[in-house]
Number of protein chains: 2
Amino acid sequence: MHLKSKYKKLLNNALEAGGQRSTKQREHIFALLLEKRDHPTADEIFARARSGMSTISLATVYNCLETLVETKLIRQVNFEREPTRYCPNLTQHAHFYCRESGDIVDIELPEKVLSELMQVLPKGFSAQHIEIAYDGKCNDCHDAVN
Amino acid sequence: MHLKSKYKKLLNNALEAGGQRSTKQREHIFALLLEKRDHPTADEIFARARSGMSTISLATVYNCLETLVETKLIRQVNFEREPTRYCPNLTQHAHFYCRESGDIVDIELPEKVLSELMQVLPKGFSAQHIEIAYDGKCNDCHDAVN
DNA sequence: GTATTAATTAGAATAATTCTAAATATTTCG
DNA sequence: CGAAATATTTAGAATTATTCTAATTAATAC
């Protein structure tokens with residue numbers, strides 16, 4: 001697995017813009033997040049990172065993830081107090097958490113719904129972000145029962 | 001501070017329905033959550049609980065909160081990986097988290113917006129709950145700047 | 001009122017994350 | 001290019017919210 005030059009450039013530009021350095025570890029972490037977009041936790045990312053870079057440490061995984069979040073190349077996803085997950089999908093989207101399989105699925109949100117959510121706010125309030133998390137049963141798990 | 005008999009009855013009925021016992025500690029915790037609805041953390045609840053019940057333990061606070069959540073008298077509120085907060089407002093509502101003051105404000109959600117959010121889900125998905133969290137600047141903090 | 005069962009308690013354990021300080025890598029600039 | 005400056009990585013310790021454990025105490029049933 002190696003970063004397509006498009007993403008490599010994206011990463012390096014973003015790092016440079018923030019006065020940060022391009023490193024093997026950051027590329028590796030970013031690449032594997034793009035490769036398998038299943039909202040892994042830091043532990044899962046650490047496990048994946050080690051195959052291909054056996055000497056990487058957990059602290060580095062946390063450091064790289066923090067950097068990628070700061071540079072807005074990925075975002076954090078939280079469900080209750082479960083371990084934080086990481087997501088390279090930067091479009092405004094919600095998450096669906098399936099209670100049965102534990103899978104997390106991105107849900108795209110139409111502009112219209114978002115603007116209605118903004119309008120619901122009382123006067124004087126301004127939001128810079130809305131976090132929306134569904135939980136229930138996903139398509140695969142509905143099928144599986146039948 | 002003591003529970004109005006209305007809430008006392010609510011609490012005791014809910015506990016009884018779940019085969020659980022009515023205790024001084026559970027009443028105390030429930031009362032203080034109803035009294036000051038500012039979404040306190042377990043630590044804050046522990047501090048408040050001690051004034052008026054100096055021997056209560058943190059473990060009991062956690063136990064009571066868990067029981068109240070199970071019996072659906074309160075709900076948990078989470079922002080990212082911050083300590084869990086507790087909320088006795090059981091209507092379907094969202095939370096607004098002010099980055100400036102740290103205050104959390106309940107936002108009531110019209111049925112229409114909720115049903116639109118449900119309709120956004122792909123075919124085969126069913127949600128039993130939607131968690132919505134805004135973050136930004138609340139009314140008080142906008143005023144304060146001027 | 002005693003037996004039964006559940007709840008409370010203090011403190012230990014756990015788990016995710018952050019911190020620390022030393023070693024290493026990257027960049028800068030002469 | 002090669003040394004100096006600075007950022008990053010690393011291993012392990014520290015932190016923090018929460019859960020667990022086992023003994024004590026309280027509530028309910030008979």
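What you are looking at is a predicted structure, and each value in this text was computed from that prediction instead of being measured. Below, read A as the first sequence line, B as the second, and so on, with proteins coming before strands; counting in each chain starts at 1.
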Would you kindly give the [atom1]-to-[atom2] distance between [X] and [N], to the nearest whole Å?
{"X": "B:Glu27", "N": "C:dA7", "atom1": "CD", "atom2": "P", "result": "14 Å"}
{"X": "B:Glu82", "N": "C:dT17", "atom1": "CD", "atom2": "P", "result": "14 Å"}
{"X": "A:Phe46", "N": "C:dT18", "atom1": "CZ", "atom2": "P", "result": "16 Å"}
{"X": "B:Glu66", "N": "D:dA17", "atom1": "CD", "atom2": "P", "result": "18 Å"}
{"X": "B:Glu80", "N": "D:dA17", "atom1": "CD", "atom2": "C1'", "result": "16 Å"}

Do any N or O atoms of the protein come closer than 3.5 Å to N or O atoms of nucleotides 6-9 of chain D, and which pairs are they?
residue	atom	partner	partner atom	Å
D:dT6	O2	A:Arg21	NH1	2.8
D:dT6	O2	A:Arg21	NH2	3.1
D:dA7	O4'	A:Arg21	NE	3.4
D:dA7	O4'	A:Arg21	NH1	3.0
D:dA7	O4'	A:Arg21	NH2	3.3
D:dT8	OP1	A:Arg21	N	3.2
D:dT8	OP1	A:Arg26	NH1	2.8
D:dT8	OP1	A:Arg26	NH2	3.1
D:dT9	OP1	A:Thr23	OG1	2.7
D:dT9	O3'	A:Gln25	NE2	3.1

Quick one: salt bridge (Lys or Arg N to Asp or Glu O under 4.0 Å) partners of [X], sequence neighbours excluded?
{"X": "B:Asp38", "value": "B:Lys36, B:Arg48"}
{"X": "A:Arg99", "value": "A:Asp135"}
{"X": "A:Arg21", "value": "none"}

Identify each donor-acceptor pair in which a side-chain atom of residues 109-116 of chain B lies under 3.5 Å from a protein atom, sequence neighbours left out, and give them as a table.
residue	atom	partner	partner atom	Å
B:Lys112	NZ	A:Glu116	OE2	3.2
B:Ser115	OG	B:Lys112	O	3.0
B:Glu116	OE2	A:Lys112	NZ	3.2

> For the side chain of B:Ala59, counting heavy atoms from C-beta on, which of C:dT9, D:dA11, C:dT17 is nearest?
Replying inline: C:dT9
Residues in side-chain contact (heavy atoms from CB on, under 4.5 Å) contact with [X], at least two apart in sequence or another chain:
{"X": "A:Arg75", "answer": "A:Cys87, A:His93, A:His95, A:His129, A:Glu131"}
{"X": "A:Phe46", "answer": "A:Arg50, A:Ile56, A:Leu58, A:Val61"}
{"X": "B:Glu80", "answer": "A:Asn78"}
{"X": "B:Pro83", "answer": "B:Thr41"}

>> Between B:Asp106 and B:His39, do the side chains contain a donor N or O and an acceptor N or O under 3.5 Å apart?
In response: yes
Please list each protein N or O that sits under 3.5 Å from an N or O in nucleotides 12-14 of chain C, with the distance.
none

> For residues 107-127 of chain B, which residue pairs qualify under ring pair (Phe, Tyr, Trp, His ring centres under 6.0 Å), counting only residues two or more places apart or in two chains?
Replying inline: A:Phe96-B:Phe125
> Angle, rounded to 10°, between the helical axes spanning five pairs at each terminus of the helix from C:dG1-D:dC30 to C:dG30-D:dC1?
Replying inline: 30°
Would you please confirm or rule out a distance under 4.0 Å between OP1 or OP2 of [N] and any side-chain N or O of [X]?
{"X": "A:Tyr62", "N": "C:dT17", "value": "yes"}
{"X": "B:Arg81", "N": "C:dT17", "value": "yes"}
{"X": "B:Thr84", "N": "D:dT18", "value": "yes"}

> When you measure from the side chain of A:Tyr134 to the backbone N and O of B:Leu117, does any donor-acceptor pair fall under 3.5 Å?
Replying inline: yes
